Amino acid sequence: MRKKVLRTHHKKIGASPGTLVHVGERKVETVKISVFEYDAEHLTEKTPRRVEDCASCPVGPRVCWVDIAGIHQVDILEKCGGIFGLHPLVLEDILNTGHRPKFEEHDDFLFLVLKMLSLPETGTEIRVEQISLIVGRNHLVTFQEQEGDLFNGVRERLRGNRGKIRKRGADYLAYALIDAVVDGHFLILEKFGDEIERLEDELLGNPSPETLQRIHQLKREMILLRKSVWPLRELIGGLQRCESPLIAEGTGIFLRDVYDHTIQIIDTVETFRDMLAGMLDLYLSSVSNRMNEIMKVLTVIATIFIPLTFLAGVYGMNFEYLPELRWRWGYATFWVLSILCALGMLKFFRGKKWL
Amino acid sequence: MRKKVLRTHHKKIGASPGTLVHVGERKVETVKISVFEYDAEHLTEKTPRRVEDCASCPVGPRVCWVDIAGIHQVDILEKCGGIFGLHPLVLEDILNTGHRPKFEEHDDFLFLVLKMLSLPETGTEIRVEQISLIVGRNHLVTFQEQEGDLFNGVRERLRGNRGKIRKRGADYLAYALIDAVVDGHFLILEKFGDEIERLEDELLGNPSPETLQRIHQLKREMILLRKSVWPLRELIGGLQRCESPLIAEGTGIFLRDVYDHTIQIIDTVETFRDMLAGMLDLYLSSVSNRMNEIMKVLTVIATIFIPLTFLAGVYGMNFEYLPELRWRWGYATFWVLSILCALGMLKFFRGKKWL
Amino acid sequence: MRKKVLRTHHKKIGASPGTLVHVGERKVETVKISVFEYDAEHLTEKTPRRVEDCASCPVGPRVCWVDIAGIHQVDILEKCGGIFGLHPLVLEDILNTGHRPKFEEHDDFLFLVLKMLSLPETGTEIRVEQISLIVGRNHLVTFQEQEGDLFNGVRERLRGNRGKIRKRGADYLAYALIDAVVDGHFLILEKFGDEIERLEDELLGNPSPETLQRIHQLKREMILLRKSVWPLRELIGGLQRCESPLIAEGTGIFLRDVYDHTIQIIDTVETFRDMLAGMLDLYLSSVSNRMNEIMKVLTVIATIFIPLTFLAGVYGMNFEYLPELRWRWGYATFWVLSILCALGMLKFFRGKKWL
Amino acid sequence: MRKKVLRTHHKKIGASPGTLVHVGERKVETVKISVFEYDAEHLTEKTPRRVEDCASCPVGPRVCWVDIAGIHQVDILEKCGGIFGLHPLVLEDILNTGHRPKFEEHDDFLFLVLKMLSLPETGTEIRVEQISLIVGRNHLVTFQEQEGDLFNGVRERLRGNRGKIRKRGADYLAYALIDAVVDGHFLILEKFGDEIERLEDELLGNPSPETLQRIHQLKREMILLRKSVWPLRELIGGLQRCESPLIAEGTGIFLRDVYDHTIQIIDTVETFRDMLAGMLDLYLSSVSNRMNEIMKVLTVIATIFIPLTFLAGVYGMNFEYLPELRWRWGYATFWVLSILCALGMLKFFRGKKWL
Amino acid sequence: MRKKVLRTHHKKIGASPGTLVHVGERKVETVKISVFEYDAEHLTEKTPRRVEDCASCPVGPRVCWVDIAGIHQVDILEKCGGIFGLHPLVLEDILNTGHRPKFEEHDDFLFLVLKMLSLPETGTEIRVEQISLIVGRNHLVTFQEQEGDLFNGVRERLRGNRGKIRKRGADYLAYALIDAVVDGHFLILEKFGDEIERLEDELLGNPSPETLQRIHQLKREMILLRKSVWPLRELIGGLQRCESPLIAEGTGIFLRDVYDHTIQIIDTVETFRDMLAGMLDLYLSSVSNRMNEIMKVLTVIATIFIPLTFLAGVYGMNFEYLPELRWRWGYATFWVLSILCALGMLKFFRGKKWL
């Protein structure tokens with residue numbers, strides 16, 4: 001089954017904005033909530049059944065990360081909206097999984113929509129999942145379409161108290177998650193890079209119609225990837241430039257680092273696009289060259305033998321008066337003529353560099 | 001019948017600007033006026049015969065929405081101009097249905113020209129209709145080419161007092177209508193997205209000249225769609241940035257939301273354009289591949305049999321002295337030679353990977 | 001006769017700037033001067049023989065429009081320069097008909113160079129004429145290459161005192177003329193739009209090499225049109241933004257209107273360019289398809305009959321020992337073999353979807 | 001001999017910046033120095049042997065123009081640097097003839113590098129020569145690769161006291177030289193314009209592979225021309241915007257004029273590029289059309305005669321039992337069959353519009 | 001072995017930022033450290049075994065340049081970080097050899113990442129090496145992947161006290177190294193320029209499929225080169241604009257010079273891209289022309305002889321009643337007919353300009 005190019009919102013035209021409807025396929029059965037509360041010394045990990053259990057989260061003294069995997073249950077979202085003070089339009093954006101990556105600065109929180117990309121082991125089509133982040137003063141709320149292993153590295157660092165992640169606030173945690181999402185792009189680009197080099201070798205060695213189709217598929221993936229990474233750059237650039245008090249001063253340098261990575265991703269996507277375009281040109285040129293070669297063989301064989309066949313036909317005629325037929329050397333002369341004619345043709349073709 | 005690519009104004013060159021002439025086809029017989037007057041508690045709905053009955057509209061205490069469907073009657077427009085204080089150039093723009101979407105800030109009102117797009121159930125060509133909005137302090141005037149069902153959702157929300165639409169002013173009502181117009185674009189893009197995926201499957205499976213024509217048609221629609229959505233983005237961006245007192249502060253966040261949607265539409269249109277360009281390349285390449293295959297078959301058959309036919313011709317000659325004809329094994333030798341020659345050719349073709 | 005793509009200035013390299021030489025073909029024999037002096041109540045129309053008769057023009061109390069048709073007489077231009085206080089470089093620009101549309105703000109006047117486009121009834125190549133405008137405090141001087149009917153509409157409005165043209169100053173008169181020039185573009189675009197639709201139908205129905213040439217010609221016209229309209233937009237944009245006291249405040253809204261029109265023209269030109277590019281692609285694809293079809297027919301016929309001809313050749317051989325010739329059913333077997341072989345080929349082609 | 005696309009600096013990597021090495025071919029044997037000293041009344045013209053004789057130049061009361069033709073003698077350049085107070089990097093730029101046009105504002109002088117283009121009478125490749133200008137308070141120093149006739153016009157105007165050149169300062173003199181360089185571009189564009197029109201006629205009439213090569217050559221020249229004119233525009237724009245006291249106020253309007261000319265040149269180069277691209281498309285399409293026609297002729301002839309040849313072959317067979325051979329009307333029937341078959345084919349081709 | 005298009009970081013997703021892992025191939029066995037300490041009078045050159053021996057470097061009175069060749073030993077990098085006060089993210093960037101050229105301004109130092117390009121004598125693929133520079137108040141630290149000869153010129157100038165390099169600070173030393181890197185680009189562009197001209201001659205003379213592949217390879221190299229030089233321009237532009245006290249005022253003019261060089265490189269890369277694109281078009285056109293010629297030969301030969309062969313076949317038939325066979329002049333008539341038919345065909349082809 002093929003992924004939809006455009007997942008767009010199906011809300012009835014003219015429906016009230018802020019109406020909460022989940023848009024997209026339901027990827028998980030039950031919504032799973034996990035909560036991390038931590039400071040430099042302590043870490044508490046919980047998996048509450050109900051979202052109401054997180055009510056203390058925004059006001060606690062410690063940094064609190066609420067991760068909600070599964071967004072198809074509108075009522076849970078609405079409760080979140082109440083607890084964390086989210087505008088209905090924000091909730092609508094979280095629910096609409098066809099959204100464009102974006103960054104919005106609200107009074108009490110920052111709102112980010114990201115696209116997590118992954119490439120299945122066997123397949124070749126990028127899978128896209130939407131992740132929404134709410135960065136508050138001392139809390140971070142994340143919404144995923146389904147539980148993924150993307151955030152596991154960050155969870156391990158939190159549990160193991162590795163790096164400075166436990167010493168910093170919710171903004172640094174948000175950065176760590178964004179960094180993980182951006183790193184996911186590199187994995188995909190690397191796979192595509194390998195595939196492009198394989199195709200390039202194939203092109204020079206033994207191109208087949210399958211090579212063409214694969215190039216076309218990669219071009220298509222690049223178009224979709226590009227549609228995803230340009231807004232990502234905007235998003236991180238906006239986050240970097242925003243002067244919200246929610247972002248600690250020391251986080252700026254990390255955001256600059258992840259911004260550099262997005263630019264590197266864009267550079268690579270554009271380079272791949274250019275290379276794929278070049279490969280398509282090369283494919284078409286080699287098809288033309290091949291056609292040329294085929295035509296040459298046909299032309300050489302046909303132009304040598306067609307006149308000879310005519311000659312043989314002439315002496316196969318049954319005219320009563322056909323003097324050559326009775327000559328002693330008629331047959332030998334025929335062969336001499338034929339061979340001379342063929343040699344002349346060959347010389348002509350050699351002159352044209354067709355042989 | 002095909003829609004005109006360019007509906008332009010036919011007013012005589014050098015005619016006075018502000019001369020009111022309706023430009024475009026007349027899509028409806030009689031002009032229909034409908035008026036909604038409402039505040040949070042009350043809603044009055046009227047369908048006056050004459051536009052003069054709306055004279056109290058701009059000055060009433062409640063929000064007043066006057067919808068005028070049918071713009072071919074110039075006298076009605078002129079009366080509107082008098083009642084709502086519109087500049088003759090504004091009236092000219094309302095009448096000229098070939099206009100580009102635009103936003104103008106006047107002293108007492110905001111003026112917006114929008115394009116409503118729709119795709120007929122059966123056909124494949126986008127239908128365009130022009131909608132003009134006059135946003136005043138407490139009133140909204142809308143001009144449509146014909147009565148459409150686009151605004152019905154908003155009307156229902158007004159009647160049902162759903163959402164916050166009844167609690168807010170004329171600017172929010174205008175936003176709701178713009179949002180409905182923008183949502184209409186998504187429906188069209190979704191249909192085009194499905195069509196593109198269908199064509200892509202067709203291309204890989206069994207491309208026909210009809211596939212080519214369909215790709216070309218979609219490219220053409222994309223060109224026209226693009227011509228419509230870029231100014232739409234400008235328009236909404238201008239509306240968002242304008243600091244008119246006619247736009248309440250709380251409406252800004254909704255305008256930002258609808259602005260995001262227009263960017264998403266533009267992204268999708270550009271992505272579709274890129275994909276269609278890629279599909280055209282693929283079509284041309286597969287035509288080339290097919291031609292190659294045809295040429296190969298012709299060349300293989302011709303180059304195997306043409307020399308053999310010559311040989312058969314030789315022994316069909318009637319020379320009196322043609323010694324081979326009398327050999328005991330002449331005929332068998334002929335067949336052996338022929339088969340060897342054919343096998344040699346086949347091996348040559350296999351070496352060239354033509355078989 | 002074909003118009004020159006590039007009319008450039010032939011003044012000797014290193015010649016002093018401001019040297020007055022008329023560049024371009026002389027389109028009219030005698031220079032014709034016409035003067036309109038008016039205010040809201042009175043209008044005086046004169047056609048003086050000598051430009052010196054206009055000396056009172058810049059200082060009179062009434063708005064004065066001097067129209068000079070024919071610019072090849074350098075001495076007249078020089079006298080104008082004296083009367084209206086024009087810089088030699090301005091005079092040089094007026095004389096050089098190969099100039100790019102431009103707008104210059106001088107101390108005492110505004111200087112505009114416009115291109116008037118027209119399409120002859122029968123031909124297909126755009127004719128370009130240069131019009132220069134000098135907008136002074138109370139006077140307007142226009143220079144045309146020849147007397148045209150473009151300004152007649154404005155003259156009629158002046159004479160008939162229609163609209164507000166008689167109540168306003170020289171800036172409004174200038175606007176009215178610019179508006180007429182811009183409107184002239186719409187007429188041309190409309191003709192091109194019709195032509196493009198005609199060609200599109202031709203392409204889908206029965207494309208011929210003439211269709212190709214016509215598409216190419218239109219593309220060429222679009223390149224030239226584009227070269228003309230982009231500077232036009234700049235020009236009007238500059239006029240709109242300039243804060244010269246020579247432009248009354250009330251004229252701004254009219255300039256905005258004409259600016260909108262130029263953007264619409266640019267949009268349409270770009271759309272036409274895209275459509276023509278798409279049509280060229282379609283033409284090339286349909287040529288490829290057609291070639292494919294031709295090759296298929298040739299291949300089918302040749303590959304069916306070439307082996308059969310060989311077979312017939314075999315049994316036309318004169319070997320003394322050729323046993324099949326004496327078989328009772330030899331001839332019938334030949335036909336059975338031939339028909340089976342042909343049917344096999346046909347099936348093979350049907351399998352390849354060539355039939 | 002072909003000009004080098006890239007003349008770049010050969011100084012050893014890591015060599016000290018400011019090291020003076022002449023880069024490029026030596027175009028002239030001896031360096032020629034000419035000096036003009038003038039004010040509105042007097043003009044002195046000298047051709048000193050040694051550059052030291054110009055030492056009084058920067059401090060004299062009159063405007064002084066030192067023209068140095070031939071830049072391969074590094075010691076002369078070094079002496080100039082001493083006399084006119086030039087930075088070693090400036091001298092390096094003067095010596096490096098592969099430099100990009102540029103404008104630099106120094107404390108005591110303005111430094112300009114220009115490219116003078118010329119097209120030899122017979123050849124088709126643009127010749128490029130570098131000209132450097134040092135504009136001081138009261139003096140102008142120009143460096144040319146060889147003595148050219150470009151500046152002769154300006155020299156004549158100085159000698160003849162024509163125009164206002166003698167009444168103005170070194171900045172106006174610099175302008176006059178820049179104007180001469182820019183005018184040189186128009187001559188080249190005009191020649192190219194004529195060539196393009198000639199090629200266009202050839203394309204429509206009788207295209208040959210030489211036409212293709214000529215189009216390609218022109219495209220190549222346009223690429224190089226473009227590489228030269230864009231920086232020229234930047235340069236003049238920078239000169240116009242710079243607020244150096246070295247540029248008198250009255251010179252601004254002349255710089256604006258020459259800036260307009262560079263924009264016109266860029267416009268024309270871009271238009272030519274577009275036109276050449278269109279011509280290449282047309283060439284390829286007409287090659288395709290021609291191939292189509294050739295294939296049609298081959299297919300028509302082959303498909304008519306191949307089946308007939310088979311039929312003739314059948315009745316040339318030597319089967320003992322071949323009843324038709326003995327029929328009275330056998331031969332006549334053969335002809336009737338053949339002609340019917342050929343007519344059927346012709347009708348089929350006519351149906352396909354191949355004839 | 002082919003270089004990887006994308007060397008990207010393999011750090012585990014979600015790993016802590018600032019984790020030091022060397023990314024890329026290890027190009028050298030042992031890390032080599034070399035130290036230059038100098039002022040205008042004295043120069044000390046050392047090659048310490050351990051990086052700790054450079055601890056006095058940042059605080060010494062003389063300019064100190066520490067060059068570290070080989071970056072795969074993470075512990076050495078960490079010690080450097082301690083000595084020179086580098087942020088972990090900076091160290092991560094130094095280690096990650098797949099980084100994009102960039103410039104960062106830190107409080108105490110400037111950080112630059114550059115790409116050094118070189119073209120092996122025999123091969124055609126650009127080799128890329130990363131160089132990182134830390135510019136401190138009085139010291140410069142450089143990190144190379146392996147010891148190269150790029151910096152030797154600068155070392156010689158330091159040793160020989162040539163130019164002003166010993167009289168200036170660490171910022172000028174950094175400039176000298178950047179200048180060497182930028183100059184390295186010119187060498188590559190020159191080689192490519194020669195190759196392009198060689199290919200162009202080949203194209204016009206005797207194009208082969210190898211020509212096509214070479215053009216494609218060059219296009220590919222240009223894509224990669226372009227990916228490298230655009231960020232280089234940004235980097236140097238940023239360095240030039242930054243107002244850090246670490247950059248002495250007098251260094252600005254040298255940075256402007258090197259910035260001009262990067263613009264010239266970009267111009268040349270873009271020009272080469274355009275030229276290569278034009279060459280590809282020319283190749284394809286000449287392939288089409290060649291195919292046309294081949295088809296013409298085939299068509300001429302086939303269409304002349306196929307009808308004649310049919311005629312010969314007719315008179316080879318064995319009908320008992322075939323009157324022409326008994327005519328006295330039958331055979332002669334056959335030849336006359338054949339020759340007339342062939343001449344007619346030749347005339348037809350001449351009319352079509354195929355001969």
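Reminder, nothing fancy here: chain letters follow the sequence lines and each chain counts from 1. Owing to the predicted nature of the structure, the values given are computational and were not obtained by experimental measurement. These values consider heavy atoms only, across backbone and side chains, with no hydrogens, waters or symmetry-generated copies.
- Rounded to the nearest 0.5 angstrom, C:Asp260 CG and B:Asn96 CG are separated by 11.0 Å.
- With a 4.5 angstrom heavy-atom cutoff, C:Phe349 touches chain B only via side-chain atoms.
- A heavy-atom distance below 4.5 Å is found between the side chains of C:Met275 and B:Ile223.
- For C:Arg256, the part lying near chain B is the side chain, with the backbone staying farther off; criterion is any non-hydrogen pair under 4.5 Å.
- Within the 4.5 Å cutoff, side-chain heavy atoms of B:Lys227 are placed close to those of C:Thr268.
- For the atom pair CD1 (B:Ile304) and OG1 (C:Thr303), the distance works out to 12.0 Å, reported to the nearest 0.5 Å.
- Expressed to the nearest 0.5 Å, how far CH2 of B:Trp329 lies from OH of C:Tyr321 amounts to 7.0 Å.
- Looking at heavy atoms from C-beta onward, C:Leu204 lies in side-chain contact with B:Gln213 at the 4.5 angstrom threshold.
- Environment of NZ in C:Lys347: sparse, with no more than 12 heavy atoms of neighbouring residues, nucleotides or ligands closer than 6.0 Å.
- When all heavy atoms are compared, the tightest approach of B:His216 to C:Met279 is CE1-N, 3.8 Å.
- With chain C as partner, the option from B:Arg226, B:Met317, B:Glu104 having the largest number of non-hydrogen pairs under 4.5 angstrom is B:Glu104.
- Contact record, B:Val287 with C:Asn289: CG2-OD1, 3.9 Å, taken as the closest heavy-atom pair.
- Among all heavy-atom pairs drawn from C:Trp354 and B:Glu293, the shortest one is CH2-O, 4.2 Å.
- For the residue pair B:Gly316 and C:Asn318, the shortest heavy atom distance occurs at O-ND2, 3.0 Å.
- The nearest pair of heavy atoms linking C:Phe310 to B:Phe334 is CE1-CZ, 4.0 Å.
- Within the 4.5 Å cutoff, the side chain of B:Trp335 has heavy atoms near those of the C:Val314 side chain.
- In this structure, chain B has a heavy atom under 4.5 Å from the side chain of C:Glu324, while its backbone stays farther away.
- Interatomic distance, CG of C:Leu282 versus CG of B:Leu212, reported as 5.5 Å (0.5 Å rounding).
- In this structure, chain B has no heavy atom under 4.5 Å from any part of C:Phe151.
- Of the residues considered (C:Ser285, C:Ala302, C:Gly313, C:Ser288), C:Ser285 shows the highest number of contacts with chain B, using heavy-atom pairs under 4.5 Å.
- Contacts of C:Ile253 with chain B are made by both backbone and side-chain atoms, with heavy-atom separations under 4.5 Å.
- Proximity of B:His87 to C:Asp257: side-chain heavy atoms (C-beta onward) are nowhere separated by under 4.5 Å.
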Check step by step if side chain to side chain donor-acceptor pair (under 3.5 Å) holds for C:Asp281 and B:Tyr283. CA-CA 11 Å; C:Asp281 284 350; B:Tyr283 180 85; over 6 Å; no
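- Interface check for chain B: of the options C:Thr309, C:Asn152, C:Leu284, C:Ile263, the most heavy-atom pairs under 4.5 Å are formed by C:Ile263.
- Nearest approach of C:Met295 to B:Ile294, heavy atoms of both residues: O-CG2, 3.9 Å.
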